[in-house]
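Inspection log for the structure reproduced underneath, given as structure tokens.
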Amino acid sequence: MAELLVQAQEHHDQNATLQILESFTPKIKASLLQVPANHREDLKQELYVKMIEVIQTFDISELK
């Protein structure tokens with residue numbers, strides 16, 4: 001995961017970002033079951049946007 005974070009930030013690697021997002025997809029899907037069905041799609045989109053923001057801003061200085 002650390003290597004993917006470095007690739008996503010330093011090399012703007014969209015595939016690395018996608019792999020990170022996909023690794024969290026099962027947990028997101030499971031968590032969305034706790035939300036009313038009519039709010040799930042919007043919340044899912046907001047979660048992915050927030051995750052992309054975190055991936056781009058995460059402090060990777062100690063990962064190198």
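Numbers here simply count residues along the sequence, with the first being 1.
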From L5 atom CG to I20 atom CD1, the distance as rounded to the nearest 0.5 Å: 4.0 Å
Which heavy atom of I60 sits nearest a heavy atom of E10, and at what distance? CD1-CG, 4.0 Å
Are F24 and L4 connected in a single hydrophobic cluster, I mean Ile/Leu/Val/Met/Phe/Trp/Tyr linked by side-chain heavy atoms less than 4.5 Å apart? yes
CD/Q7 to CD1/I55 distance, rounded to the nearest 0.5 angstrom? 12.5 Å
Would a single hydrophobic cluster contain both I52 and I28, if residues Ile, Leu, Val, Met, Phe, Trp and Tyr are joined by side-chain heavy-atom contacts under 4.5 Å? yes
A8 and A16 have their tightest heavy-atom pair at N-CB, 3.9 Å
Any chain of hydrophobic side-chain contacts (each under 4.5 Å) joining F58 to V49? no
If you draw a 6.0 Å radius around CD in E53, do more than 12 non-hydrogen atoms from other residues or ligands fall strictly inside? yes
Rounding to 0.5 Å, atoms NZ (K29) and CZ (R40) come to a distance of 12.5 Å
Rounded to the nearest 0.5 angstrom, the CG-CG distance for D42 and L32 is 11.0 Å
Distance, nearest 0.5 Å, that separates CD of Q14 from CD of Q19: 12.5 Å
Could you tell me the separation between the CG atom of L47 and the NZ atom of K27, rounded to the nearest 0.5 Å? 11.5 Å
